[in-house]
Number of protein chains: 2
Amino acid sequence: MNTRTALLDSAERAARQRGYDGFSYADLASDIGIRKASIHHHFPKKADLARELIDRYATRFADQLSEIAAAEPNAAAKLRAYHGLYRDALGAGTQLCLCVAFSAGRDSLTEPVLDQLNTFHARSTAWLSLVFEEGAVDGSVANLTDAADDARATLALMEGAQLLARAAVDLSLFDQATAAFLCRLSPSQMH
Amino acid sequence: MNTRTALLDSAERAARQRGYDGFSYADLASDIGIRKASIHHHFPKKADLARELIDRYATRFADQLSEIAAAEPNAAAKLRAYHGLYRDALGAGTQLCLCVAFSAGRDSLTEPVLDQLNTFHARSTAWLSLVFEEGAVDGSVANLTDAADDARATLALMEGAQLLARAAVDLSLFDQATAAFLCRLSPSQMH
DNA sequence: TCGCAACTACCTACTACTAGGTAGGTAATT
DNA sequence: AATTACCTACCTAGTAGTAGGTAGTTGCGA
């Protein structure tokens, strides 16, 4: 792993724990073991770092959604896996999804970062809409309304549940907040 | 209105827009028109300010919940009013509920502030549980599961919907994210 | 294969500014 | 007289960023 990737990893951890305004180049320098000024070689401005952080996070998340779409047999299984992505992203309640962490401090972000943040949300919503449409056909999801509304509600629920768990550093709050959602999903089929 | 209250108002606006790490005593001094050092007379440390902010916010919110409980005839009406509190708190998508704004930067908060933040969430959840129990009796809310689960899911949905709307500064995202939730509520009775 | 120019990835040193906070002072108020 | 609510002046620490330097690496022509 090279220094540039190590810096991105360190920055992601810091941002997901404390938000964009809650970490500094000094934090990353200390974590990685290089001088603060050296970071500017890789990322001339902090906004450049933020842009690359969210670009790679969105790409990785899109890949994960594609894997779920390919691997899971029905809408319920896809939604359960989607839920799992958000639950795993929490760690033990010690960090948030990068986009949740960035959203609260959005006034500190540059236009390209905000564009990518909103694109992330739009793409998540679009993916979820397709899944809920599939659920309307395969019957594996209960209490469906409009697919786009269900999609946005699900995204909001995941982000909100993360915030509750993060506030108390208690993963079980995420589980409780999303228990009713999981109840809507048909159990996985035995094979 | 005295200076102390003006400072709390200014700090609340700033914190709800940019989070705890995103504003400073200098911002408040500039807004109110006193010197930065003068703020320390009212709030010796920034953490003291945060504590008073969240205390008064929680008190005000609890009062609002009591008013809703007293004024609304059934669970659906109470939930619609609750939804309205979160929607109104957004402004035009320019700010968040204080507890949402504080949650993302929770590592910067002191223990008393965190305790109050988590108490806020617990009290909201308890109030919502009672409302969902009422809904199970009066039949005004559809698709009920466990009252405590429904309560936490609702709180998460409101906080998450706020984040989505805040990220894009677009109130309609809040409305879309909560549309399915509102569909579960019986229409208000005509009198 | 070698020498060398260009480049990379760091370094030290520094700038300008911001942040939270303290100390001592003063005019107005109680 | 004591207290309050501000003030100026200043402190330490932190922040993002720049400039110039250097050792190591790379690529290429001879």
Between [N] and [X], is there an OP1 or OP2 to side-chain N/O distance shorter than 4.0 Å?
{"X": "A/His42", "N": "C/dC10", "value": "yes"}
{"X": "A/His41", "N": "C/dA9", "value": "yes"}
{"X": "B/Ser38", "N": "D/dC7", "value": "yes"}
{"X": "B/Thr3", "N": "D/dA5", "value": "no"}

Residue pairs passing the ring-ring contact (aromatic ring centres under 6.0 Å, His included) test where at least one lies in residues 127-156 of chain A, sequence neighbours excluded: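 Listed once each, the pairs are A/Tyr82-A/Trp127.
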Protein-nucleotide distance (B/Leu7, atom CG; D/dA5, atom C1'), rounded to Å: 11 Å
Rounded distance (Å) that lies between atom C1' of D/dC10 and atom CZ of B/Arg35: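 So the CZ-C1' distance, B/Arg35 to D/dC10, works out to 14 Å.
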Reading 5' to 3' through nucleotides 16-30 of chain C, protein heavy-atom contacts under 4.0 Å coded B for base, S for sugar-phosphate only, - for none: ---SBBB--------
Donor-acceptor side-chain pairing of B/Asp27 and B/Ser30 below 3.5 angstrom: no
Within 6.0 angstrom of B/Arg35 CZ, more than 12 heavy atoms from elsewhere: no
Interface residues of residues 99-112 of chain B with DNA chain C (non-hydrogen, below 4.0 angstrom): none
Closest non-hydrogen atom pair between A/Arg166 and A/Leu90, with its separation: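 Closest pair (atom of A/Arg166, atom of A/Leu90, distance): N-CD2, 4.4 Å.
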